[in-house]
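Reviewing the structure listed below.
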Amino acid sequence: MSTVNTETSVKNGHPVTGIVLGIAGIVVALLTTLLFGVIAGAVAGALGLGALLLGISARKGGRRGIGAIVAGALALVLAVTMTFASVGTMKKLKDTAAASGVAPTFARYMDNPYMGLSSALIKAVNDNTSKDAVKTLQNELDALNTYMANNEKPAAEAVPGAA
């Protein structure tokens, strides 16, 4: 017969898995929300929520789980903030492209800013009227980047002949 008490040896929750899920949520939130928008934010939020729940479950069973709770909460916060930030950035980028006239193809393709840059790229790949739509889109994004960099200079730098 075994003398091990099975009730105390059973672990509640998986704090290491929670930490891994939390870190994965943080990485997804930071690296993919600009490309995939709300979808990446939802994935990061789901990973963060899973980490948070695993951490809370582990915390109820003992003294472990704080790392999973912290990583999960950080992933949730980053998922929400990065999603709103990327949607705002895409809207501003589309408005700037339309107003400046530098990137008309990008403004035409970017009709859904909630899906990030991937929506414009998918439309460029599926465009049958232009065989080099992706290259045109890349050139227009470079021109738009240059346009925005020139317009965001402080007033002293923008004025010719200033210091």
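Fair warning: this is a prediction, and the values are worked out from it, not measured in the lab.
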Are [X] and [Y] grouped together when hydrophobic residues (ILVMFWY) are joined by side-chain heavy atoms under 4.5 angstrom apart?
X	Y	answer
I26	L34	no
L52	L47	no
V70	L76	no
I19	V28	no
M110	Y147	yes

Please report the shortest heavy-atom distance between [X] and [Y], naming the atom on each side.
X	Y	result
G45	A79	N-CB, 3.6 Å
P15	A68	O-CB, 3.7 Å
A51	G18	CB-O, 3.0 Å
A75	G22	CB-O, 3.6 Å
G25	A44	O-CB, 3.4 Å
A71	I23	CB-N, 4.4 Å

Q) Has the side chain of S119 got a donor or acceptor atom that lies under 3.5 Å from a matching backbone atom of N112? A)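 Answer holds: yes.
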Q) Hey, is the main chain of A29 close enough, under 3.5 Å, to the side chain of T33 for a donor-acceptor pair? A) yes
Q: Check the pair K123, D111 against side-chain contact (heavy atoms from CB on, under 4.5 Å), reporting the backbone distance first and the verdict last.
A: CA-CA 10 Å; K123 288 191 182 191; D111 62 345; 2.6 Å; yes
Separation between [atom1] of [X] and [atom2] of [Y], rounded to the nearest 0.5 Å:
X	Y	atom1	atom2	result
T136	L141	OG1	CG	11.0 Å
I39	M115	CD1	CE	3.5 Å
K135	T105	NZ	OG1	14.5 Å
L144	K94	CG	NZ	13.5 Å
Y109	L121	OH	CG	10.5 Å

Side chains of [X] and [Y] in contact at under 4.5 Å (non-hydrogen atoms):
X	Y	answer
R59	I69	yes
F106	L117	yes
T146	D142	no

Q: Determine, stepwise, if the pair M148 / L93 fulfils side-chain contact (heavy atoms from CB on, under 4.5 Å).
A: CA-CA 9 Å; M148 289 177 73; L93 196 60; 3.7 Å; yes
Q: Name all pairs fulfilling the side-chain hydrogen bond (donor to acceptor under 3.5 Å, both in side chains) condition that reach into residues 75-91, sequence neighbours left out, sorted by first residue then second.
A: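 Passing the test, one end in residues 75-91: K91-Y114.
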